[in-house]
Amino acid sequence: MPELPEVETTLRGIEPWLTQQTIDKLTIRQASLRWPVTSGLSNLVEGQTILAVRRRAKYLIIQLEHGSMLVHLGMSGSLRVVEPETELRKHDHIEMRMRNGAVLRYHDPRRFGCWLWSEGEHRQLSGLGPEPLSTGFDAERLYQLSRKRKVAVKPFIMDNNTVVGVGNIYASEALFRSGIRPGRSAGNISLKRYQVLTDHIKTVLQAAIVQGGTTLRDFVNGNGEPGYFQQTLAVYGRADQPCVSCGTLLKELRLGQRSSVFCPRCQR
DNA sequence: ACACTAACCTGCAAGC
DNA sequence: TGCTTGCAGGTTAGTG
């Protein structure tokens with residue numbers, strides 16, 4: 001479900017309900033996520049006030065007076081602010097009730113996400129590349145990092161060391177808009193083409209955020225509303241369908257166990 | 001350092 | 001109808 005635009009959309013949906021509010025009760029119904037939810041977490045956070053909620057890569061950071069919680073949505077996670085009496089769904093693993101009555105629910109069927117506590121730096125955040133929408137991410141970086149690399153460009157731009165927040169959907173879309181085949185070696189792409197790719201990564205992510213993210217199955221923002229970017233997808237999920245630009249049937253291959261759809265005519 | 005695979009887990013759709 | 005298979009938005013740990 002969540003790539004960077006979906007996480008950003010979630011952040012914007014929940015943040016106004018949480019900032020400056022005090023945590024009344026934290027309930028853990030299923031602690032077995034990607035890593036076990038920190039034991040004793042409820043006692044650590046109840047009574048603390050949330051100073052800020054922010055995003056780094058696809059992580060959400062809930063900053064408290066002392067320490068912070070690091071939340072990742074994995075493949076199937078979502079966060080919603082609901083009315084206190086809202087009926088529990090299967091896979092609602094964690095619930096955080098605020099003193100103002102707002103209730104944040106963490107829902108994650110596949111449990112690839114995480115909800116961790118740290119009083120200092122979270123180790124998951126070290127070694128991450130730049131934010132894709134920041135000036136720290138540019139063509140020069142892609143070009144330099146890719147020299148002599150044989151890895152295909154698609155997994156290269158999906159590598160969190162290269163740049164964060166580019167997942168399978170938006171990597172596929174940005175490569176299509178750039179006319180670059182996903183299987184081309186990263187080291188075999190010119191600075192000029194990386195400039196085009198960089199621009200498209202930024203614009204596709206920005207456009208997806210504006211439209212509230214992509215809803216494939218059940219993604220909803222922090223207020224339960226779907227995203228609309230899936231109507232804009234040109235290649236993701238469209239194998240064997242005609243290219244929106246030239247009509248050639250789109251092809252699919254697997255790179256790093258991820259399906260990669262591209263136009264064999266428009267992308268070289 | 002790099003390239004590549006398997007693994008974590010549930011739900012759903014397609015195929016038989 | 002029911003069973004089996006494969007695939008799904010991410011990331012890490014392990015292999016060679």
Side-chain angles (χ1 to χ4, degrees), chain A residues 1-11 29-37 55-60 70-79 89-94 106-116 122-129 132 144-175 182-188 201 204-205 208-209 211-221 226-230 232-233 235-240 252-261:
Chain A
M1 177 216 52
E3 291 193 31
L4 184 142
E6 290 73 41
V7 178
E8 180 67 24
T9 298
T10 298
L11 171 68
R29 299 191 169 83
Q30 169 60 276
S32 175
L33 305 181
R34 168 169 204 127
W35 296 287
V37 176
R55 179 189 61 73
R56 172 70 173 113
K58 294 168 191 162
Y59 292 96
L60 291 171
L70 185 76
V71 179
H72 197 288
L73 302 177
M75 290 275 258
S76 59
S78 58
L79 283 168
R89 295 178 298 167
K90 192 177 181 182
H91 306 302
D92 279 349
H93 302 316
I94 299 177
Y106 174 82
H107 177 87
D108 185 8
R110 292 176 72 182
R111 291 191 273 126
F112 286 177
C114 68
W115 190 306
L116 297 171
H122 290 273
R123 66 175 177 86
Q124 285 79 5
L125 300 180
S126 67
L128 290 176
Q144 294 301 340
L145 282 181
S146 63
R147 290 311 87 183
K148 306 201 172 167
R149 294 285 302 275
K150 286 166 58 179
V151 67
V153 63
K154 180 157 169 281
F156 174 67
I157 60 172
M158 290 175 67
D159 182 341
N160 280 330
N161 194 290
T162 306
V163 57
V164 301
V166 182
N168 203 29
I169 298 175
Y170 302 108
S172 302
E173 295 300 312
L175 286 166
R184 174 176 288 274
S185 285
N188 194 18
I201 288 173
V204 77
L205 289 174
I209 290 170
Q211 294 182 53
T214 297
T215 294
L216 294 180
R217 291 174 187 80
D218 60 355
F219 171 74
V220 289
N221 69 14
Y228 294 96
F229 193 75
Q230 70 276 12
T232 312
L233 299 178
V235 288
Y236 180 86
R238 296 194 63 244
D240 301 324
E252 180 172 20
L253 75 160
R254 295 194 79 76
L255 295 167
Q257 292 107 286
R258 314 295 248 132
S259 112
S260 307
V261 183

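On a predicted model such as this, the values are computed, not experimentally measured, just so you know.
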Taking the same atom, P, in B:dC9 and in C:dG14, what whole-Å distance lies between them?
16 Å
Using a cut-off of 4.0 Å on non-hydrogen atoms, how would the nucleic acid contact of A:Arg254 be classed: base, sugar-phosphate, or nothing?
sugar-phosphate
With a 3.5 Å limit on both atom pairs, tell me what B:dC12 is paired to, counting Watson-Crick and G-U wobble, or say none.
C:dG6
Quick tally for nucleotides 3-11 of chain B: nucleotides whose base has a protein heavy atom under 4.0 Å get B, sugar-phosphate-only ones S, the rest -, giving S-BB-BBBS
How long is the line joining CD of A:Gln124 and P of C:dG10, in whole Å?
17 Å
5'-most by nearest nucleotide on DNA chain C - A:Gly165 or A:Ser259:
A:Ser259
Check whether any side-chain N or O of A:Ser185 sits under 3.5 Å from a backbone N or O of A:Lys150 as a donor-acceptor pair, and report yes or no.
yes
Looking only at heavy atoms, which two atoms of A:Lys154 and A:Ser260 are closest? And how far apart?
NZ-OG, 2.8 Å
Which part of the nucleic acid, if any, lies within reach of A:Asp108 when heavy atoms closer than 4.0 Å are counted: base, sugar-phosphate only, or nothing?
nothing
Distance between P atoms of B:dT5 and C:dC7 (Å, rounded):
14 Å
State which residue, out of A:Val235, A:Val166, A:Val204, fulfils the side-chain contact (heavy atoms from CB on, under 4.5 Å) condition with A:Ser172.
A:Val235
Rounded distance in Å - CG (A:Asp159) to C1' (C:dG10):
12 Å
Grab the CH2-P distance between A:Trp115 and C:dG10 for me, whole Å please.
20 Å
Given atom OH of A:Tyr236 and atom C1' of C:dG10, what is their separation to the nearest angstrom?
12 Å
Which label fits A:Tyr59 and A:His72: parallel for a plane angle under 30°, tilted from 30 to 60°, or perpendicular past 60°?
perpendicular
Atom-pair distance (NE2 on A:His72; C1' on C:dG9), nearest Å:
10 Å
Is A:Arg258 close enough to C:dC7 that one of its side-chain N or O atoms is under 4.0 Å from OP1 or OP2 there?
no
Return the value, rounded to whole Å, for the distance between atom CG of A:Leu4 and atom C1' of C:dG9.
12 Å
Value in whole Å for how far the P atom of C:dT12 lies from CG of A:Asn161
11 Å
Does A:Asn160 put a side-chain nitrogen or oxygen below 4.0 Å from OP1 or OP2 of C:dT11?
yes
Checking A:Arg29 against A:Trp115: charged group under 6.0 Å from the ring centre and within 45 degrees of the axis?
no
A:Ile209 CD1 to C:dG9 P: how many Å, rounded?
19 Å
Is A:Arg55 paired with A:Glu8 through a side-chain N to carboxylate O contact shorter than 4.0 Å?
yes
With the side chain of A:Ile169 defined as its heavy atoms from C-beta on, choose the nearest nucleotide among C:dT11, C:dA8, C:dG9.
C:dG9
Does the separation of the ring centres of A:Tyr170 and A:Phe229 fall below 6.0 angstrom?
yes
